[in-house]
Amino acid sequence: MDVNNLPTRYDPASTEDKWYKFWEENNLFAAKVNPAKNPFSIVIPPPNVTGILHMGHALNNTIQDILIRYHRMKGEESLWMPGTDHAGIATQNVVEKAIAKDGLKRQDLGREKFVERVWQWREQYGSTIIHQLKKLGASCDWQRTRFTMDEEYSNSVNEVFIRLYEKGLIYQGNYIINWCPRCQTALSDEEAPHRELSGNLYYLRYPLKKYRVQSTGYRAKDAEYIVVATTRPETMLGDTAVAVNPKDKRYKKLIGRTLILPLMDREIKIIADALVDMKFGTGAVKVTPAHDPNDYLLGKKHKLDFINVMRPDGRMNENAGKYKDMDRFQAREVILEDLKEKGLLEKVETHNLSAGHCYRCHTIIEPYLSKQWFVKMKPLAKPAIAVVKLGKIKFYPKRWTKVYLNWMENIQDWCISRQIWWGHRLPVYYCRKCSDIIVSREKPEKCPKCSSTDIYQDEDVLDTWFSSWLWPFATFYWPFNANAPYTVHGTQYKKDLAYFYPTSVLVTAPEIIFFWVARMIMAGLEFMKDIPFRDVYIHGTVRDIEGKKMSKSLGNIIDPLDIIKEYGADALRFSLISITSQGQDVFLSKERFEQGRNFANKIWNASRLIMMNLDTSLVKTDLCQFFSQKDLDITNRWILSRFYSVLKEVNKDLESYKFNEAANALYAFFWHEFCDWYLELIKSDIKNPHNQIVMYKVWEKFLRAMHPFMPFVTEEIWRKIKNESIMVQPWPHTQENIIDKPTESKMQRVFTLINILRNIRFQLEIPLENTLNFMVFTSRPNKELIKSLSKQIEAVSRNHLLDAKLEGEYRRTNNEFNIVSEGMHIVIPLSAVIDIEKQKERIESDIKRVKAEIDNKKALLTKTDFIKRAPQEIVEAEKIKLAELGERLKKMEAVRDGFR
RNA sequence: GGGCAUUUAGCUUAGCCUGGUUAGAGCGCGUGCCUCACAUGCACGAGGUCAGAGGUUCAAAUCCUCUAAUGCCCACCA
């Protein structure tokens, strides 16, 4: 490999696809049952087949890939199970839009043809997101890729439905559910998030049937009608009562009386119920049992009629009289007009309310009475609460535990039937003759009750999440149907499941906790009798720089694929990770990716320098053996110590899901310690075998540690000198014995000296080509240190060290420039003209700072409380600091006085 | 109505769990450099009452309480 002619800029475009292909073709992502190794497994949150990679995916999958690559290198058998979700409503909507271009509706095609079209669509576009994940570098075991509508997966779904039904945990019933009039399907509560709306509260007058004067002093004019307040006046057409609180004095006498429902001329009763809030509105509430969940309860309790006035498409039906066929919101306007005309609209107040919205099309949902299928959740929730409370499943960050438990403890039954075509049909059949319900794995030949063969399947499909909640085990082909001989990488799936389940960690976004995380825990416990994962890592939401969610309608989307094109996948990954602190939302702007790109380039160029100067005959030296040699110089001992200190921290951060801290630690180490200091220090003597060996060892270990974060650039560099892929190399082993804090702080002093020298040079405006002579007066250990590193110090500061002496040896002469800082007294014989005034100013400000610090320390040390109560070592440390500061001040003052 | 989170330099933020250097960093800014790995770079520098108030402590960005602002989630607010 010719490493001398590499371009000066790293070009991601020319490397990424090449290496991805190599990894894939060599099966490096494959995970197999291996009893000799510990398993590590993650199931991907399956993206929708309609999905296009967005920043949320990019973050989510980068995190998973870092975990998988890290654990793989650590020698664990690491499986990242990929796949996609059929995403019922979302996908159906997409295909409906597509056929709409040909002027077609799904009803025009019919169910069978339409579903066929969806499958076609899926064949054509369904793997888009998989390709995009590959661009990102995701190391999924692609041979295992599953789809929630695969035949075997569908079997799992059926099996689960049947088992729950047989256990009495699935039931059918007429209830008020969330109905989306646009998608024309029922939705679960989670699929109908409430959003604030600015609306009105309308006060409607409902006349009493016939007023009868009471002896207790009612006056007729007060009681000719009762006023109810509503935000949805169109539902009044379905009112079957008006309710008041039994304690409400205003209405007590009216309870049981009859009203005439305006516009419909229907007689309705005034009923009493404690649910009615006396303080809201007029204290009297219209009751529409078929269109409101509360009213539904009242309706059941008081045996009221349930009158549905709306069609599934949100238009009024034949029960709505003259308003039939009007859209619900149009009907609202007309009804208000009509009421106004009759003098029955008392007033209108503005009123903010919140209403459910379809999570797919954002249409305002309609609470709608219909026959649906439900899962009884309380029995499933109970063990799922316990495992989290017992700490068998842990949330990171911890605070989500509370959110989870709160939801679980107040869980409602789950409406799982959907009136769409794309999805798993319910394994439910009906007998047309005797209306018997048959729940069965196969379509029954005849009705078990009446033997009729006139049997048809339920038209509904299941909620998408009813298949997703089985993902951690259904992806392994559970329940291993007899017809399924399935093996992967030569092993039966059954063995895979036993080996890889429970999975290690689930990585997802907060909005998915209820939809998916909670339900997977319930399903895992119910069907596998074990938790589906041990840890749940919840990352933040990706937002734009103003904190807004990225969305098409806001036009603030940053497309990860654009970023990959422009900056590279490594840059995308690194930048995303470095700004994502645990569980915080991520605020993105395009410029942020420059940091990642620049870092990749830095790694590239440092590697060029190393490779161009590398003596490959030395690289096989065993580091431990080599390190034990006493004559290894301080620069090399220092960088080794720093590397292992950082590596230790990176390990800790990765184990606790602090990805940003790990990434930033590696960044700071490589750039600001390895490149800025180490490589600069050894450059002048780069061929020295000690330098060669240490430079090489730190560099190649860094590349390995960096690989999970930036897989492409590390592989590209690795392959310049090695024949094996970096992704199957072992994770660097921490050498505790090499970590040497005293050496680290010694080197820090050298850096301080160099920093001062550079600063002087800059202040004195001495051009680079001029050498500056200097002397240092300092303590004995510092003196030895400086002398031993004189060459390097001279090289990187571009100065010449005349001598280093003990501070007591200083004798003032006339023609010199002094500077005292950080325990070093530097003397520069004056040969050039320098700006004395500037230097005076500088030293004055230094003196001021040190004095202030001394005052602080003195104040602290004269406090008897501090002396008495603080730990002894803290007090001692403070005393030493004070003494040092005093010494420093004395010297500074001497120098200042010298200027006078 | 309930809950959670956030508030640190011009911007984005780390540090807070586990109190003890001069509160770190990236971008931006100022100045000087195309120095033989890298101008996607190097060097030097400016910039912070750690939201406010109170408390605990010898010691608070860090622990506790309250307040304010912002954001998010949940809830059957007709």
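Being a predicted model, the structure only gives us computed values, none of them experimental. Chain naming here is simple, since letters A, B, ... match the order of the sequence lines and numbering starts at 1 in each.
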Mind checking if [X] touches a base, just sugar-phosphate, or nothing, with heavy atoms under 4.0 Å?
{"X": "E680(A)", "value": "base"}
{"X": "E591(A)", "value": "nothing"}
{"X": "D277(A)", "value": "base"}
{"X": "K857(A)", "value": "sugar-phosphate"}
{"X": "S607(A)", "value": "nothing"}
{"X": "M612(A)", "value": "sugar-phosphate"}
{"X": "Y10(A)", "value": "nothing"}
{"X": "A284(A)", "value": "base"}
{"X": "P510(A)", "value": "nothing"}
{"X": "R608(A)", "value": "sugar-phosphate"}

Pairs satisfying salt bridge (Lys or Arg N to Asp or Glu O under 4.0 Å), at least one member in residues 398-415 of chain A, at least two apart: K389(A)-E409(A)
Nucleic acid contacts - residues 196-203 of chain A versus RNA chain B, non-hydrogen atoms under 4.0 Å: none
Nucleotide-resolved protein contact map, nucleotides 1-6 of chain B, B/S/- at heavy-atom distance under 4.0 Å: --SSSS
Sequence-aligned protein contact record of nucleotides 30-36 of chain B, with B where the base is within under 4.0 Å of a protein heavy atom and S where only the sugar-phosphate is: -BSS-B-
Centroid separation Y368(A) to W179(A) less than 6.0 Å: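 Yes, close enough.
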Going by an N to O cut-off under 4.0 Å, is there a salt bridge joining [X] and [Y]?
{"X": "D865(A)", "Y": "K863(A)", "value": "no"}
{"X": "D570(A)", "Y": "R597(A)", "value": "no"}
{"X": "E661(A)", "Y": "K652(A)", "value": "no"}
{"X": "E878(A)", "Y": "K858(A)", "value": "no"}
{"X": "K301(A)", "Y": "D273(A)", "value": "yes"}

Any N/O pairs under 3.5 Å between the protein and nucleotides 59-64 of chain B? List them or say none.
none

Sole residue of N178(A), I176(A), I177(A) in side-chain contact (heavy atoms from CB on, under 4.5 Å) with P293(A):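 It is I176(A), the one option of N178(A), I176(A), I177(A) that forms the side-chain contact (heavy atoms from CB on, under 4.5 Å) with P293(A).
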Check: W699(A)/S607(A) side-chain N/O donor and acceptor closer than 3.5 Å: yes
Given A78(B), A14(B), A37(B), the nucleotide with the shortest approach to the side chain of T230(A): A78(B)
Compare side-chain N and O positions of [X] against OP1 and OP2 of [N] and report whether any pair is under 4.0 Å apart.
{"X": "N410(A)", "N": "C74(B)", "answer": "no"}
{"X": "H672(A)", "N": "G41(B)", "answer": "no"}
{"X": "W671(A)", "N": "U40(B)", "answer": "no"}
{"X": "N759(A)", "N": "G45(B)", "answer": "yes"}

Residue met sooner reading RNA chain B from 5', once N755(A) and R597(A) are mapped to nucleotides: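 Closest to the 5' end, via its nearest nucleotide, is R597(A).
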Nearest-nucleotide 5' precedence on RNA chain B, I867(A) against L609(A):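 Result: L609(A).
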For atom CH2 of W407(A) and atom C1' of C72(B), their distance in whole Å: 18 Å
5'-to-3' dot-bracket of RNA chain B (Watson-Crick, G-U; under 3.5 angstrom; crossing pairs as [ ]; | other strand): (((((((..((((......[...)))).(((((.......))))).....(((((..]....))))))))))))....
ring-ring contact (aromatic ring centres under 6.0 Å, His included) partner of F574(A), chosen from F709(A), F593(A), Y667(A):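 When ring-ring contact (aromatic ring centres under 6.0 Å, His included) is applied between F574(A) and each of F709(A), F593(A), Y667(A), only Y667(A) qualifies.
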